[in-house]
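Proteins get letters first, then strands, A, B, ... in listed order; numbering begins at 1 in each. Scope of the values below: all heavy atoms of this structure, side chains included, with no hydrogens, waters or symmetry mates. As the structure is a computational prediction, the values presented were derived from the model and not from experiment.
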4 protein chains.
Amino acid sequence: MPRTPEQNKLLREKTSKKILEAALKLFARKGFHGTSMSDIAEAAGVSKGLAYNYYKSKKHLLEALLILMQEMSNQVEIVMNKSDDPFEKLKLIINYSFKYVKDNEEFWLLYMGIIFQPSVLKSSVLIFDEVYDSMYKVFEQIFRRIGMKNAVAEARIFGGLFDGIFLGYLMNKDKYPLEKVRKQMLKRYSKIELQKLL
Amino acid sequence: MPRTPEQNKLLREKTSKKILEAALKLFARKGFHGTSMSDIAEAAGVSKGLAYNYYKSKKHLLEALLILMQEMSNQVEIVMNKSDDPFEKLKLIINYSFKYVKDNEEFWLLYMGIIFQPSVLKSSVLIFDEVYDSMYKVFEQIFRRIGMKNAVAEARIFGGLFDGIFLGYLMNKDKYPLEKVRKQMLKRYSKIELQKLL
Amino acid sequence: MPRTPEQNKLLREKTSKKILEAALKLFARKGFHGTSMSDIAEAAGVSKGLAYNYYKSKKHLLEALLILMQEMSNQVEIVMNKSDDPFEKLKLIINYSFKYVKDNEEFWLLYMGIIFQPSVLKSSVLIFDEVYDSMYKVFEQIFRRIGMKNAVAEARIFGGLFDGIFLGYLMNKDKYPLEKVRKQMLKRYSKIELQKLL
Amino acid sequence: MPRTPEQNKLLREKTSKKILEAALKLFARKGFHGTSMSDIAEAAGVSKGLAYNYYKSKKHLLEALLILMQEMSNQVEIVMNKSDDPFEKLKLIINYSFKYVKDNEEFWLLYMGIIFQPSVLKSSVLIFDEVYDSMYKVFEQIFRRIGMKNAVAEARIFGGLFDGIFLGYLMNKDKYPLEKVRKQMLKRYSKIELQKLL
DNA sequence: GATGAATGAGACTTCATTCAT
DNA sequence: AATGAATGAAGTCTCATTCAT
């Protein structure tokens, strides 16, 4: 009894997702070169052959993950635009980012891993460069609207803080006081404190 | 006539340094797994066999680099202790760190690469964990002495800033306004501004 | 459609046997260090990679052969126990051993090669030591039952004879009068002649 | 102050002997392929370069050892010819051989190693074949003179005994009752016992 | 859609040999 | 006579990818 086309489509999606998730997990932890297709297939519970049935090559798997990440990165802007007040925006960004990292550790690790080894996938750099650039532009505007003189530098500091904090957190999740840091960030970038510095 | 021991020592030092430098450059850019011993030997201008004459294995090469890094990391504390004033300490740390990254981009890249793929070298994690921990302790003390309530979180923020900023810088050295950011950091952590927030 | 598990099992057995046989042949003739995995793969008619698919390393291949040999070595005792008469036992041992060597030249060569280079595989020595020891014990008992005074030494002489004779035979199979020697051995260790020496 | 020609010659001989002895020791224990020139040079306490100064290649070293062995093998005949009585000859051979093995374990091990891996050195086979052949001829004559019918087979048995016994001895020097075996051999091949079997 | 046996290029590593001094 | 740095071929092993079924 052959499967109906719908059943087949569902099955395909499910399997392809399993593979993608296994790849994400392993690339994040062991790096692209440190992960073998066998590892991925095994972690996904499918045969090597089947993995190739869904993704033409190891590189294609990575690319599929990058595209996913790119799509997710748009979320920040959506969240941010829930308010028009720059101080409120900062708050939304901080809260969203901390939540995002906790929920998507692996994506974040993969992203960092790729950033640090651009040779793995030339094209990736371009993608992220754009994402980064546009993000910094937005931060800059926010700080300008707040009235800060050095909005360019402040934007870099603000953006850098996330990377740095999350890095520290992921390096040692058990000890890191993530919640305390989030609160302190909110305080540091609150209307009250920022206005003291103007 | 054989070479004199001195000649040999010089030769060994020169060659072993060439190899180590080539390894640093390549590991930093392409990652440990992404770099082959052939790459390293070629970049160093020696034969593959000779590289093994000096470093027992690819892993040993990496370890030699890590030891070097660990030695360098002690510098921060030395620099910091040139003054006893906590505000001055912060200034010294900021200036030293920015200078350090500019002068040792590759070390920093390698370090990040390793942090993100601890599976490459289990032992490395331990080394860095210690370094990090002791550094955060020192930052905490400084902020406590300044009179900040949330010294723990502030220390994490301060430390994270460096990683985040340098990460952004190394991702795109051409565009990054490193000097502006340094100045803004000095301002943000100056006595004047910090005291406004107490 | 994938192959059925049965098909795969058959395939695996066939291929793994081909590789093992090739390894035996080459290790026996050229020694462990003198044989390369390429040699083995080529002789087995498979790719190098496949050989590693079946045997984790060159050493594992050797170990697989040793286990086979150990299993075979139990045969002697089985054969010997077909009779209870010590003179008959000697006859059975002689006939079985001569036949065994002719049928399993390569195993015998491999075995000797390993004996002479214990550094190749430390564990092997222990295995064979045990086999040897228990064999000599058995020989000793036989000679004691026959009534010989120096059963210990006689057992060593009897056992040594096999090794020595087979060594001579395998060194130069064309010229060696194996059949004549077998007959003479039977005579030498026959009831009639042995009793003359009591 | 340059060395005199005599001094030089002495030095050369001493050094070349050191190297040869180191090679013998290592080849015997670890096999030809299992021994590296570095091992040999180190064991001999000289530099690798110097070893090559004395022996053109690793193979040449082995050949030098084989020639030495060949020279030593002539000793048997000399010893044997001290008496004209065949029974006495057997006694001399037995005693000499047991003594020889104890005094020259390494030579004997090397010899066995080569016998079992003729591929290492094609030429060696020819050398040993000759030695063996002539030896068996001599044994045959002895047994014929004693009056044995199957002198051919008896010669093979007698010769094989040595190889087999020594093999057993060298496999496990601590436990092997070499002295007992020697005595039993003398008894077995004494005039009294042999004549019982005629 | 699915399997896993099979391939082969390329990685890590060793070592006989050469050579500058 | 002597050293040991240096080379490069060859060996062990891994893994992305293909393919028969």
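- Atom pair B:N8:CG and E:dA20:P shows a separation of 15 Å (rounding to whole Å applied).
- The CG atom of A:L66 lies 4.0 Å from the CD1 atom of A:I114; values are rounded to the nearest 0.5 Å.
- Nearest-nucleotide positions on DNA chain F place B:K9 closer to the 5' end than the other of B:K9 and C:F32.
- For the pair B:R29 and B:E106, the salt-bridge criterion is met [side-chain N within less than 4.0 Å of a carboxylate O].
- Comparing E:dT13, E:dA16, F:dT3 by their nearest atom to the side chain of D:L50 picks out F:dT3.
- Contact record, C:F107 with C:L65: CE2-O, 3.8 Å, taken as the closest heavy-atom pair.
- Of the residues in residues 35-46 of chain C, those lying under 4.0 Å from DNA chain F by heavy-atom distance are C:T35, C:S36, C:M37.
- A donor N or O paired with an acceptor N or O is found under 3.5 Å between the base of E:dT17 and the side-chain atoms of D:K48.
- Across the protein-nucleic acid pair, B:Y52 atom OH and F:dA5 atom C1' stand 18 Å apart, rounded to whole Å.
- Rounded to whole Å, atom P of F:dG4 lies 10 Å from atom CZ of B:R12.
- Here the C1' atom of nucleotide E:dA5 and the NZ atom of C:K17 are 19 Å apart, to the nearest Å.
- Checked for salt-bridge contact, C:E13 and C:K17 miss the test: no charged N lies under 4.0 Å from a carboxylate O.
- Atom NE2 in D:H33 sits about 20 Å away from atom P in F:dA9, given to the nearest Å.
- Note: NZ (B:K58) to P (E:dG10) measures 15 Å, nearest angstrom.
- Remark: C1' of E:dT17 and OH of D:Y55 are 18 Å apart, rounded to the nearest angstrom.
- When rounded to the nearest whole Å, the span between CZ of C:F27 and P of F:dG11 equals 13 Å.
- Screening D:D39, D:I40, D:L109 for a side-chain contact (heavy atoms from CB on, under 4.5 Å) involving D:F27 leaves a single residue, D:I40.
- Closest non-hydrogen pair, A:Y52 versus A:S57, comes out as CE2-CA, 4.0 Å.
- Between C:N53 and E:dA6 there is no side-chain polar atom (N or O) within less than 4.0 angstrom of OP1 or OP2.
- Closest contact between the side chain of B:S47 and the listed nucleotides E:dT17, F:dT17, F:dT7 involves F:dT7.
- Between B:S57 and E:dC12 there is no side-chain polar atom (N or O) within less than 4.0 angstrom of OP1 or OP2.
- The side chain of B:Y54 approaches F:dA5 more closely than any other nucleotide in the set F:dA5, F:dC13, E:dA2.
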